[in-house]
Amino acid sequence: MNQFKTLLILTFLLISTTLFSQEEKDSVPLSERYIVFEGDTLLIELNEVQLLKKLKFKTSYDRRYYYWFRKKTLKAYPYAKLAADRLSVLNERLEKIKSKRRKKQYTKRIQKYFEKELTDQLKKLTRTEGRILIKLIHRQTGDTSFNLIKDLRSGWKAFWYNTAAGLYKLSLKDEYDPVNNKEDYLIEDILQRAFVDGVLEEQQSKLDFNYLELSKKWIDAPKPTQKKH
């Protein structure tokens, strides 16, 4: 295993352990709404219709790029969702554990589980997928990978991991910012379409942004340029 993949695996296992211690058709997500008519005071259940714009590409390269990047995003997202799920479970379970020794034993047990179950999978991630994963961890947990390590382990470990990541043009301090970053918006667009189509299980972001408003902003903006990995 090369140094980059070793770094990525160690970073995710550290976070996970401590957190646990093609053109689509218009999509119509449904939600319940009600309206009362005067006279008969009739209560009718309505469906809120929200349409996602059809994908349009200016060139065949743009199309290929989108679906290449879509594949990367779909591969990284489940790991970020897993991290957020573990954070929720961790907060609930650690509240019930009073002993520091038992908490330490618990986190070690979870660490062994992740090493056994996830190492082989994380070894298969490319650098691009690793970068997307770092950003999606911020989307799903509301905090960067760097801060999660710093808060749950130590500032020194966070500094070391971030410095090592920099050798591979990655930063554990990367934030998910679809409001100001075109690539992050592209990730969000891919996720929203995947949620509606049932390709991915939706998990609400911990960050504050409005996808539909962002669509209006970025619709005509140039696509991000990124070397493939």
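Everything numeric in this text was worked out from a predicted model, so none of it was measured. Counting begins at 1 with the first residue of the sequence.
- Nearest heavy-atom pair across K124 and K75 is O-NZ, 3.2 Å.
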Next on the checklist: What verdict does the side chain to side chain donor-acceptor pair (under 3.5 Å) test give for Q204 and E202, after you've listed the backbone C-alpha separation in whole Å, the side-chain angles of each residue and the deciding distance to 0.1 Å?
Outcome noted: CA-CA 6 Å; Q204 291 295 324; E202 182 173 6; 3.0 Å; yes
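- Taking both residues in full, the closest heavy atoms of V179 and W218 are given as O-CZ2, 3.4 Å, listed atom of the first, atom of the second, then distance.
- N147 is not listed as a side-chain neighbour of K173, based on a closest heavy-atom distance of 4.5 Å or more.
- Salt-bridge check for D197 with R193: failed, with every basic side-chain N at 4.0 Å or more from each acidic carboxylate O.
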Practice task
Report the C-alpha separation of L82 and Q140 in whole Å, then their side-chain angles, then the decisive distance to 0.1 Å, and conclude whether the side-chain contact (heavy atoms from CB on, under 4.5 Å) test is met.
Solution key: CA-CA 9 Å; L82 177 63; Q140 302 310 121; over 6 Å; no
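- Rounding to the nearest 0.5 Å gives a distance of 11.0 Å between CD1 of I187 and CG of L74.
- The shortest side-chain heavy-atom distance between E213 and K216 falls under the 4.5 Å cut-off.
- The shortest distance between side-chain heavy atoms of F57 and Y65 does not fall below 4.5 Å.
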| query | Are Y211 and F195 close enough, and set up right, to give a ring-ring contact (aromatic ring centres under 6.0 Å, His included), and what steps lead you there? | reply | CA-CA 13 Å; Y211 165 72; F195 295 154; 9.7 Å; no
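- In this structure, I137 and Y79 have side chains that are not in contact, with every pair of non-hydrogen atoms separated by 4.5 Å or more.
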Practice item. Given side chain to side chain donor-acceptor pair (under 3.5 Å), test D174 with T144 step by step and report yes or no. Key: CA-CA 7 Å; D174 277 353; T144 65; over 6 Å; no
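- Between Y66 and R70, some side-chain heavy-atom pair lies under the 4.5 Å cut-off.
- For residues 136-145, the pairs satisfying salt bridge (Lys or Arg N to Asp or Glu O under 4.0 Å) are R139-E188, with sequence neighbours left out.
- Looking only at side-chain heavy atoms (C-beta outward), F209 and D177 stay at 4.5 Å or farther from each other.
- Between the CZ atom of R63 and the NZ atom of K56 there is a distance of 12.5 Å, given to the nearest 0.5 Å.
- A distance of 9.0 Å separates NZ in K206 from OG1 in T141, rounded to the nearest 0.5 Å.
- Figure legend: K135 and Y176 shown without cation-pi pairing, the cationic atom not lying both under 6.0 angstrom from the six-membered ring centre and within 45 degrees of its axis.
- In this structure, N162 and S171 have side chains that are in contact, with non-hydrogen atoms separated by less than 4.5 Å.
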message: Working note: R131 + E183, criterion salt bridge (Lys or Arg N to Asp or Glu O under 4.0 Å); need CA distance, chi angles, decisive distance, verdict.
response: CA-CA 11 Å; R131 188 183 74 253; E183 182 178 87; 3.0 Å; yes
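- Contact annotation: the side chain of I190 never approaches that of Y185 to less than 4.5 Å [non-hydrogen atoms, C-beta and beyond].
- S215 and D189 form no side-chain donor-acceptor contact under 3.5 Å, judged by distance and modelled atom types alone.
- H138 contributes atom NE2, which lies 13.5 Å from atom CG of L133 (distance to the nearest 0.5 angstrom).
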Query - Chi angles and distances behind the side chain to side chain donor-acceptor pair (under 3.5 Å) call for E175, N181 - result: CA-CA 10 Å; E175 298 182 353; N181 187 301; over 6 Å; no
